Amino acid sequence: MDLPVISNTAPASGGGCSSSGCGTAPDALSHLPDHIRAKVQDHPCYSEEAHHYFARMHVAVAPACNIQCNYCNRKYDCANESRPGVVSELLHPDQAIKKVLAVAATIPQMTVLGIAGPGDPLANPERTFETFRQLSEKAPDIKLCVSTNGLNLPKYVDEIAKHNIDHVTITINCLDPEVGAKIYPWIYWENKRIRGVEAAAILIAQQQRGLEMLVERGILVKVNSVMIPGVNDEHLKEVSRAVKAKGAFLHNVMPLIAEAEHGTYYGIMAQRSPSTEELQAIQDECAGDMAMMRHCRQCRADAVGLLGEDRGAEFTLDKLDAMEIDYDSAMARRKEVHDAIIDQLEARRALPAAPAAPATALDSSAPLPAPLPEDSRPVLMAVATAGQGLINQHFGHAREFLVYEASPAGVRFISHRKTELYCVGGDTCGDEGQDGVSADSILDRTIAALAGCEVVLCSKIGFEPWGLLEQAGIQPNGEHAMEAIETAVMAVYRELAEAGKLATPAPDQKRA
Amino acid sequence: MALSITEACVNCWACVDVCPNTAIHESDPVFAIDSDKCTECLAEFPEAQCAAICPIECAIVDELGTPLNPLGSLTGIPVEKLQELLAVATRGQPAST
């Protein structure tokens with residue numbers, strides 16, 4: 001059985017949704033065939049829309065790995081870090097079950113449980129599948145997912161199918177073993193450590209075979225790729241075409257995270273990460289061939305909560321010991337919460353798209369807003385949100401901002417920007433959290449993280465950051481508190497147009 | 001004849017799963033090899049399996065204390081660079097958290 005190949009061609013100009021969707025389906029998923037969309041549209045890791053409402057968690061039951069990636073360092077752990085491969089507390093399967101049930105009872109919006117490491121789940125088959133086996137028995141209302149480097153995938157495809165896991169993520173960074181040799185120094189394969197091009201060739205072949213076997217069994221496959229400038233950036237377009245042709249339903253191109261203090265090969269060798277512009281350019285190019293995912297937060301392998309938040313600290317082993325969970329009653333409550341969210345999402349999906357064209361005025365005597373000039377330049381706006389698709393977060397409380405692009409064609413989600421770039425290392429990396437850094441320098445970093453945005457929308461903002469943002473050429477705006485993001489972004493875009501600010505090039509931004 | 005695990009180990013379990021003699025167990029502060037059970041895989045495989053999968057340089061050593069995966073052999077990071085980083089880490093060792 002073949003999954004249909006996905007067509008996700010962006011419209012050439014104007015006229016409705018861009019490649020990542022707008023309005024009612026602010027998503028790459030609007031282009032998917034119905035039976036796939038039905039499976040993924042309420043999944044926070046696949047649907048940009050759903051991630052405002054539903055939460056996910058990872059359990060760190062899979063510490064062992066069978067390959068080395070140059071962006072990974074197995075020695076590293078830090079509670080303040082948020083990136084793949086990092087965990088604070090490794091769990092045995094029984095502990096993982098207890099944690100999942102506790103989180104599911106406490107955070108009823110949690111619908112998805114993934115195993116993503118900190119090593120490779122399929123290099124830990126017993127611990128991984130024991131966790132899945134117990135969960136499908138004890139918490140049948142939780143969706144199960146697994147991520148893998150793909151090396152052992154062909155061997156375990158049938159086991160995956162048995163456990164009712166309907167989504168698998170494979171990290172595929174290349175198709176060319178010469179490129180692969182620059183990313184993977186070695187693999188453990190058939191009882192030997194194999195290096196270089198030979199190792200990469202085996203890994204690539206296994207990944208591709210695993211992808212085909214999953215698709216044959218009707219299991220949805222998402223492909224993750226890490227964009228490494230000068231190594232695989234251009235090559236990723238070919239990867240996108242190939243995995244789409246084999247039936248992957250979504251491609252997630254993520255930026256390399258490489259800092260010297262992480263101790264990774266790339267970090268120490270000063271391999272640079274892509275800029276947000278470079279990442280977006282590659283995502284846009286791949287989007288011609290493939291549904292693209294742009295809201296990925298590159299979670300830790302033990303993340304808990306909505307994407308972009310991490311409530312893992314509420315569910316440490318010592319706290320779990322003190323919790324008594326009645327899962328049957330929790331499951332009833334969970335169902336009520338899920339039904340309410342789905343009703344809310346469906347109501348939203350039934351609304352007309354956030355209008356770029358003038359909305360119908362309620363009072364026919366009121367003058368209609370003028371149409372936006374076709375050549376109005378697109379504007380990036382940052383939004384502080386705590387979920388629900390609303391502008392509902394104080395500027396100073398935002399740990400990340402969502403970036404939207406407004407243009408005459410509508411509003412589209414572009415990316416998220418973290419304010420505290422993963423770990424800042426040094427003095428700030430202890431229990432005292434950010435106390436080691438002055439508020440000024442945090443604010444400077446936040447403003448730097450918003451580079452390229454002309455407006456920042458939030459529920460409230462203090463006097464001092466307001467002034468500094470203005471100085472940096474970013475207009476703060478607290479007038480749309482508690483409004484839906486897309487509607488507010490379009491309203492502000494319209495105000496800019498009416499003020500005649502969209503016919504001219506973007507003003508130069510000064511770094512604060 | 002047996003291999004052993006040094007404190008460089010990060011407790012990732014990889015070796016436990018591949019040891020043909022079930023000689024490796026969880027221990028404090030790092031995993032340990034039972035010297036009565038370890039055969040260094042001489043009869044079983046061309047390479048000692050724990051050392052063939054271990055991601056950490058200098059974590060698995062032979063009876064003379066010689067690492068099977070010496071510094072610089074797994075990550076491709078030049079040895080001088082690693083030594084430089086080690087020196088900095090030892091000088092500025094923060095209190096453990």
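Lettering follows sequence order; numbering is per chain, from 1. Everything numeric in this text was worked out from a predicted model, so none of it was measured.
Note that OG1 of B:Thr75 and OH of A:Tyr266 are 12.5 Å apart. Values are rounded to the nearest 0.5 Å. In this structure, CG in A:Asn73 is found 7.5 Å from CD1 in B:Ile77, a value given to the nearest 0.5 Å. Taking CZ of A:Arg127 as the start and CG of B:Asp17 as the end, the distance is 4.0 Å to the nearest 0.5 Å.
Applying the 6.0 Å contact sphere to NZ of A:Lys319 captures more than 12 heavy atoms from other residues, nucleotides or ligands.
Side-chain atoms of B:Leu85 and A:Ile268, non-hydrogen and from C-beta on, do get closer than 4.5 Å to each other. A 4.5 Å side-chain heavy-atom check between B:Phe45 and A:Lys192 finds every atom pair outside the cut-off. B:Glu47 has its side chain out of reach of A:Asn191: every pair of non-hydrogen atoms, C-beta onward, lies at least 4.5 Å apart.
Shortest non-hydrogen contact noted between B:Ala52 and A:Tyr188 is O-CD1, 3.5 Å. Closest approach of B:Ala14 and A:Cys65 over heavy atoms only: CB-O, 4.2 Å. Shown here for A:Trp186 and B:Ile53, the closest heavy-atom pair between the two residues is CH2-O, 3.5 Å.
If you measure heavy-atom distances from B:Ile56 to chain A, the contacts under 4.5 Å come from the side chain alone. Neither the backbone nor the side chain of B:Ala8 comes within less than 4.5 Å of any heavy atom in chain A.
Chain A forms more heavy-atom pairs under 4.5 Å with one residue of B:Val16, B:Leu74, B:Val18 than with any other, namely B:Leu74. The candidate from A:Met269, A:Arg193, A:Gln68, A:Arg195 with the greatest count of non-hydrogen atom pairs under 4.5 Å with chain B is A:Arg193.
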